[in-house]
Asks: 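Take a look at this one; I'll ask things after.
Just so it is clear, the structure is predicted and the values come from calculations on it, not from any experiment. Worth knowing before you read on, the calculation uses all heavy atoms, side chains too, and leaves out hydrogens, waters and symmetry mates. Letters go in sequence order (proteins before strands), and every chain restarts at 1.
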There are 2 protein chains.
Amino acid sequence: MFTLSEENYLKAIYHLESGSEKGISTNAIAKSLETKASSATDMIKKLSEKEVVFYKKYQGVTLTDFGKKTAANIVRKHRLWEVFLVERLNFSWDEVHEVAEQLEHIKSPKLINQLDALLGFPTHDPHGDPIPDKDGNINAVDKILLANLTKNERGVCVGVHDSSSEFLRFLDKKGITLGKEITVLEKEDFDDSLLIEIDAEKLSISKKIANNLYIQK
Amino acid sequence: MFTLSEENYLKAIYHLESGSEKGISTNAIAKSLETKASSATDMIKKLSEKEVVFYKKYQGVTLTDFGKKTAANIVRKHRLWEVFLVERLNFSWDEVHEVAEQLEHIKSPKLINQLDALLGFPTHDPHGDPIPDKDGNINAVDKILLANLTKNERGVCVGVHDSSSEFLRFLDKKGITLGKEITVLEKEDFDDSLLIEIDAEKLSISKKIANNLYIQK
DNA sequence: ATTATTTTTTAGACTTGTCTAAAAATTATT
DNA sequence: AATAATTTTTAGACAAGTCTAAAAAATAAT
Ligand SMILES: [Mn+2]
Ligand SMILES: [Mn+2]
Ligand SMILES: [Mn+2]
Ligand SMILES: [Mn+2]
């Protein structure tokens with residue numbers, strides 16, 4: 001069994017690993033958990049002792065198969081709870097993260113399986129992120145950033161890269177939600193902004209926004 | 001804000017207070033939390049510092065108004081989660097306690113208010129215990145122990161005194177659940193057992209059972 | 001190839017919550 | 001009232017998790 005702190009480190013390493021081949025650096029872990037590198041080193045040793053990570057001094061860290069499965073299970077719980085909060089308790093997608101950070105640590109296999117069933121076995125959370133199954137497997141969809149679409153291309157908004165409250169509330173304000181169809185009408189060269197069509201309306205989108213919205217063609 | 005440990009001590013004191021006038025002893029707290037008296041003394045000092053309990057050395061401890069409200073809120077969360085687990089996630093009443101012990105520490109007022117609404121503002125948990133409202137008030141019902149009924153008296157089963165898994169599963173096996181009507185047909189003097197009628201069937205009940213079942217006349 | 005910079009680890013300290021063993025206070029017994 | 005038994009508190013220690021400051025290793029720059 002793992003402590004709350006150990007689980008948070010495992011999850012951080014899991015997220016950092018998806019998106020880089022090499023071992024995850026002590027600094028990267030510390031930054032992601034808003035703690036100090038020395039604390040990360042201490043915890044890495046404990047995790048290595050418990051055989052959820054491979055660790056050689058100065059070489060960074062990688063999850064073992066057991067570690068991957070354990071981490072995926074925490075992510076699974078986090079995302080299922082997010083779905084529950086949005087679908088059943090009327091939370092908006094920018095309010096769920098903090099609460100899910102707590103709920104993901106509740107230990108009860110039956111609870112999470114029944115929750116999964118209650119929600120109809122959802123495949124994605126409110127931010128479009130995939131929900132791992134019981135074995136930790138995720139079926140990845142081929143989504144690309146809106147910024148990478150070319151003129152006149154079209155697709156459905158299926159996820160966000162940045163899931164901060166600020167960004168999510170901004171999207172709400174602009175009427176951009178998951179499931180909506182977006183067409184790129186223009187790409188402005190001098191500021192990299194996009195003119196898009198959504199809900200039969202024209203909307204100008206900055207490069208920053210376009211770099212944080214996932215589209216499925 | 002209170003730590004998980006502080007919350008558990010507060011809840012223990014809250015439960016011990018209902019059922020005795022005087023201050024709660026260090027030993028009683030320690031026993032109820034399965035810890036040592038010295039640990040209880042340490043924690044009592046912290047709680048006193050935070051002004052949730054009154055404490056004078058060797059005099060035992062009592063909750064302040066603030067402490068009562070804080071403790072009642074934890075009990076509120078515990079019992080609402082128990083209702084959720086039974087009514088929505090198909091847990092049986094003997095499986096919920098351990099999970100509710102964890103869930104009661106989740107910090108989110110919106111979560112608990114929405115959960116309350118989702119469940120239709122329940123007044124009692126699956127064991128018949130009252131759910132405090134947001135201000136910590138409970139409306140007590142006048143329930144008595146089955147053992148205190150006299151011959152030919154009748155009432156509805158509304159709660160359990162012992163809520164251990166063992167006792168609850170025993171009740172399930174005998175077909176005794178909350179809401180059922182029970183009539184006392186005989187009271188045997190030599191072993192204090194009861195002959196009751198439930199679901200139009202006769203059933204013999206030991207003194208121990210009768211002392212742990214609450215009835216509303 | 002040295003030197004400088006950055007990253008990582010170690011050493012020592014602190015907090016929270018717990019424990020054991022001993023001292024102090026309270027309560028019960030004679 | 002004095003002694004015995006019990007309860008409560010204190011003193012000191014320990015594990016988990018964190019921090020700062022300093023040392024060691026790795027990487028970058030000259
Ligand atoms: Mn989240
Ligand atoms: Mn999410
Ligand atoms: Mn319970
Ligand atoms: Mn209960």
Asks: Walk along DNA chain D from 5' to 3' and tell me the first and last nucleotide with an atom closer than 4.0 Å to a non-hydrogen atom of chain B.
Replies: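 On DNA chain D, the outermost contacted nucleotides are D/dT7 to D/dT10.
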Asks: How long is the straight-line distance from CG of B/Leu4 back to CZ of B/Phe2, given to the nearest 0.5 Å?
Replies: 13.5 Å
Asks: Out of curiosity, A/Ile196 CD1 to A/Leu146 CG, how far, rounded to the nearest 0.5 Å?
Replies: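 Spacing of CD1 (A/Ile196) from CG (A/Leu146) equals 6.0 Å.
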Asks: Out of curiosity, B/Leu168 CG to B/Ser163 OG, how far, rounded to the nearest 0.5 Å?
Replies: 6.0 Å
Asks: So which pairs with a foot in residues 207-217 of chain B pass side chain to side chain donor-acceptor pair (under 3.5 Å), sequence neighbours left out?
Replies: B/Glu153-B/Lys217, B/His161-B/Tyr214
Asks: Residues from residues 48-64 of chain A sitting under 4.0 Å of DNA chain D, heavy atoms only?
Replies: A/Tyr58
Asks: Counting C-beta onward and ignoring hydrogens, is there a side-chain heavy-atom pair between A/Ile44 and A/Tyr9 closer than 4.5 Å?
Replies: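 Not in contact.
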Asks: Given atom CD1 of A/Ile24 and atom P of C/dT7, what is their separation to the nearest angstrom?
Replies: 16 Å
Asks: In residues 16-37 of chain A, what donor-acceptor pairs under 3.5 Å come from side-chain atoms, sequence neighbours left out?
Replies:
{"from": "A/Glu17", "atom 1": "OE2", "to": "A/Leu63", "atom 2": "N", "distance (Å)": "2.7"}
{"from": "A/Ser18", "atom 1": "OG", "to": "A/His15", "atom 2": "O", "distance (Å)": "3.2"}
{"from": "A/Ser25", "atom 1": "OG", "to": "A/Ala28", "atom 2": "N", "distance (Å)": "3.0"}

Asks: Examine C/dT7: is either OP1 or OP2 under 4.0 Å from a nitrogen or oxygen in the side chain of A/Ser25? Give yes or no.
Replies: no
Asks: Not counting sequence neighbours, which residues clear side chain to side chain donor-acceptor pair (under 3.5 Å) with A/Tyr14? List them please.
Replies: none
Asks: First locate atom CG of A/Leu149, then atom CG of A/Leu194, and finally report the distance between them rounded to the nearest 0.5 Å.
Replies: 8.0 Å
Asks: Can you give me every donor-acceptor pair (side chain of residues 45-52 of chain A, partner residue at least two apart or in another chain, under 3.5 Å) with its distance?
Replies:
{"from": "A/Lys50", "atom 1": "NZ", "to": "A/Met1", "atom 2": "O", "distance (Å)": "3.2"}
{"from": "A/Lys50", "atom 1": "NZ", "to": "A/Glu6", "atom 2": "OE1", "distance (Å)": "3.1"}
{"from": "A/Lys50", "atom 1": "NZ", "to": "A/Glu6", "atom 2": "OE2", "distance (Å)": "3.3"}

Asks: Please, which pairs that meet side chain to side chain donor-acceptor pair (under 3.5 Å) have at least one residue in residues 53-72 of chain B, sequence neighbours excluded?
Replies: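 Non-adjacent pairs meeting side chain to side chain donor-acceptor pair (under 3.5 Å): zero.
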Asks: How many angstroms lie between atom CG of A/Leu115 and atom CG of A/Leu111, to the nearest 0.5 angstrom?
Replies: 6.0 Å
Asks: Extract all donor-acceptor atom pairs below 3.5 Å that involve side chains of residues 79-106 of chain B and protein atoms in other chains or at least two apart in sequence.
Replies:
{"from": "B/Arg79", "atom 1": "NH1", "to": "B/Pro130", "atom 2": "O", "distance (Å)": "2.7"}
{"from": "B/Trp81", "atom 1": "NE1", "to": "B/Leu103", "atom 2": "O", "distance (Å)": "3.4"}
{"from": "B/Glu82", "atom 1": "OE1", "to": "B/His127", "atom 2": "ND1", "distance (Å)": "3.2"}
{"from": "B/Glu82", "atom 1": "OE2", "to": "B/His78", "atom 2": "NE2", "distance (Å)": "2.8"}
{"from": "B/Arg88", "atom 1": "NH2", "to": "B/Leu118", "atom 2": "O", "distance (Å)": "3.0"}
{"from": "B/Ser92", "atom 1": "OG", "to": "B/Asp94", "atom 2": "OD1", "distance (Å)": "2.7"}
{"from": "B/Ser92", "atom 1": "OG", "to": "B/Glu95", "atom 2": "OE1", "distance (Å)": "3.2"}
{"from": "B/Trp93", "atom 1": "NE1", "to": "B/Asp172", "atom 2": "OD1", "distance (Å)": "3.3"}
{"from": "B/Trp93", "atom 1": "NE1", "to": "B/Asp172", "atom 2": "OD2", "distance (Å)": "3.2"}
{"from": "B/Asp94", "atom 1": "OD2", "to": "B/Arg169", "atom 2": "NH1", "distance (Å)": "3.2"}
{"from": "B/Glu95", "atom 1": "OE1", "to": "A/Lys110", "atom 2": "NZ", "distance (Å)": "3.0"}
{"from": "B/Glu95", "atom 1": "OE1", "to": "B/Ser92", "atom 2": "N", "distance (Å)": "2.9"}
{"from": "B/Glu95", "atom 1": "OE2", "to": "A/Lys110", "atom 2": "NZ", "distance (Å)": "3.3"}
{"from": "B/His97", "atom 1": "ND1", "to": "B/His78", "atom 2": "NE2", "distance (Å)": "3.3"}
{"from": "B/His97", "atom 1": "NE2", "to": "B/Glu101", "atom 2": "OE2", "distance (Å)": "3.1"}
{"from": "B/Glu101", "atom 1": "OE1", "to": "B/Lys11", "atom 2": "NZ", "distance (Å)": "3.4"}
{"from": "B/Glu101", "atom 1": "OE2", "to": "B/Lys11", "atom 2": "NZ", "distance (Å)": "3.0"}
{"from": "B/Gln102", "atom 1": "OE1", "to": "A/Lys107", "atom 2": "N", "distance (Å)": "2.7"}
{"from": "B/Gln102", "atom 1": "NE2", "to": "A/Lys107", "atom 2": "O", "distance (Å)": "3.0"}
{"from": "B/Glu104", "atom 1": "OE1", "to": "B/Lys11", "atom 2": "NZ", "distance (Å)": "3.3"}
{"from": "B/Glu104", "atom 1": "OE1", "to": "B/His78", "atom 2": "ND1", "distance (Å)": "2.8"}
{"from": "B/Glu104", "atom 1": "OE2", "to": "B/Lys11", "atom 2": "NZ", "distance (Å)": "3.2"}
{"from": "B/His105", "atom 1": "ND1", "to": "B/Glu7", "atom 2": "OE1", "distance (Å)": "2.6"}
{"from": "B/His105", "atom 1": "NE2", "to": "B/Asn8", "atom 2": "OD1", "distance (Å)": "3.1"}
{"from": "B/His105", "atom 1": "NE2", "to": "B/Glu101", "atom 2": "O", "distance (Å)": "3.2"}

Asks: Which value, rounded to the nearest 0.5 Å, describes the distance between A/Cys157 atom SG and A/Ile182 atom CD1?
Replies: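 Result: 5.0 Å between the selected atoms.
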Asks: Considering the terminal five base pairs at each end of the helix from C/dA1-D/dT30 to C/dT30-D/dA1, what angle separates the two local helix axes, rounded to 10°?
Replies: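 It works out to 10° between the end axes.
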Asks: Sequence neighbours excluded, which residues qualify as ring-ring contact (aromatic ring centres under 6.0 Å, His included) partners of B/His124?
Replies: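 Counting only residues at least two positions away or on another chain, B/His124 forms no ring-ring contact (aromatic ring centres under 6.0 Å, His included).
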Asks: Of the residues in residues 26-41 of chain B, which ones touch DNA chain C at a heavy-atom distance under 4.0 Å?
Replies: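 Heavy-atom cutoff 4.0 Å gives B/Thr35, B/Lys36, B/Ser38, B/Ser39.
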Asks: Could you list by number each residue of residues 4-20 of chain A showing a heavy-atom separation from DNA chain D of less than 4.0 Å, or answer none if no residue does?
Replies: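 Contacts with DNA chain D under 4.0 Å: A/Ser5, A/Tyr9.
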Asks: Considering only heavy atoms from C-beta outward, does the side chain of A/Leu145 approach that of A/Ile215 to under 4.5 Å?
Replies: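 No. Closest side-chain heavy atoms not under 4.5 Å.
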